[in-house]
Amino acid sequence: FDAEDWRVNGPSEGSLRLPNTLSISFKGLASYQVIRELSEEVACSAGAACHSDAGSSGDGASVSQVLMALDVPREFALGTLRLSVGRATTEQEVDDAADRLIGAIKDKINAGAYGAQTPMH
């Protein structure tokens, strides 16, 4: 992916982020579509942990207040995925999940899942 097409959310210093959780946003991605596609293979969520889906239409159009407070631009916020690992998670499971996510994200962005203006490489 090109550097301008994704961002890690949270403190810029990695040591200040939770060691088992990753919040990452992709410009032009509709994260709910990736989640639907991979729901049987990868456990991930859209938005922030404290984001409520109450009142949401289910189309991924609502943006977490937490992401807004972090100044995550809307075109990134709609493409936010939250991933966590536990004590029993293996390195192989992380690698497998990463491969599946990368493939699904590239497919969705290249297909214009949220109106991406340029395909990712």
Side-chain angles (χ1 to χ4, degrees):
F1 301 111
D2 292 334
E4 66 272 2
D5 293 328
W6 64 277
R7 60 180 278 160
V8 174
N9 302 310
S12 56
E13 187 177 327
S15 65
L16 298 176
R17 289 193 291 268
L18 293 173
N20 69 323
T21 304
L22 173 66
S23 173
I24 189 165
S25 297
F26 296 88
K27 184 178 180 181
L29 176 71
S31 58
Y32 73 96
Q33 291 183 346
V34 172
I35 292 168
R36 283 182 189 161
E37 181 178 327
L38 297 177
S39 65
E40 298 297 319
E41 302 173 56
V42 177
C44 60
S45 302
C50 44
H51 177 68
S52 169
D53 287 331
S56 172
S57 62
D59 63 359
S62 65
V63 176
S64 159
Q65 294 294 322
V66 172
L67 294 175
M68 290 174 61
L70 289 170
D71 293 324
V72 177
R74 182 175 176 80
E75 67 268 18
F76 283 91
L78 292 172
T80 298
L81 294 169
R82 190 179 70 255
L83 304 143
S84 299
V85 297
R87 229 176 259 259
T89 306
T90 67
E91 190 172 335
Q92 186 62 52
E93 289 171 325
V94 171
D95 291 344
D96 291 346
D99 289 341
R100 287 182 175 91
L101 282 165
I102 289 167
I105 290 165
K106 284 183 177 181
D107 289 348
K108 296 300 179 194
I109 289 178
N110 289 335
Y114 172 66
Q117 295 176 358
T118 56
M120 288 191 145
H121 310 287

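Nearest heavy-atom pair across Ala46 and Arg82 is O-NH1, 3.7 Å. Annotation for Gly10 and Leu70: closest pair N-CD1, 4.4 Å, computed over non-hydrogen atoms. When every heavy atom of Glu4 is checked against every heavy atom of Lys27, the shortest pair comes out as O-CD, 4.2 Å. Closest heavy-atom contact between Ser45 and Ile35: C-CD1, 3.4 Å.
Donor-acceptor pairing under 3.5 Å is lacking for the side chains of Ser25 and Arg7. A donor-acceptor pair shorter than 3.5 Å can be found between the side chains of Glu13 and Ser15.
Val34 and Ile102 fall within a single hydrophobic cluster, where Ile, Leu, Val, Met, Phe, Trp and Tyr are joined by side-chain heavy atoms under 4.5 Å apart, directly or via other members. Cluster membership check: Leu22 does not share its hydrophobic cluster with Val85, using side-chain heavy-atom separations under 4.5 Å among Ile, Leu, Val, Met, Phe, Trp and Tyr.
Under the 4.0 Å criterion applied to side-chain N and carboxylate O atoms, Arg100 and Glu41 are assigned as salt-bridge partners.
Among Ile24, Ile105, Leu29, the single residue meeting the side-chain contact (heavy atoms from CB on, under 4.5 Å) criterion with Trp6 is Ile24.
Atom CD of Glu91 has 12 or fewer heavy atoms from other residues, nucleotides or ligands within 6.0 Å.
Atoms OH and CD, on Tyr32 and Glu37 in that order, are 13.0 Å from each other to the nearest 0.5 Å. A distance of 12.5 Å separates CG of Leu101 from NZ of Lys106, quoted to the nearest 0.5 Å. Rounding to the nearest 0.5 Å places CG of Asn9 at 9.5 Å from CZ of Phe76. With rounding to the nearest 0.5 Å, the separation of CG in Leu81 from OG in Ser23 is 8.5 Å.
Residues Thr21 and Leu83 are not in side-chain contact: their nearest non-hydrogen atoms beyond the backbone lie 4.5 Å or more apart. Side-chain atoms of Arg17 and Val8, non-hydrogen and from C-beta on, do get closer than 4.5 Å to each other. The closest side-chain heavy-atom distance from Met68 to Arg74 is not below 4.5 Å.
Panel note: side chain Glu93, backbone Thr90; a donor-acceptor pair is recorded below 3.5 Å. At distances below 3.5 Å, at least one donor-acceptor pair connects side-chain atoms of Thr80 with backbone N or O atoms of Ala77.
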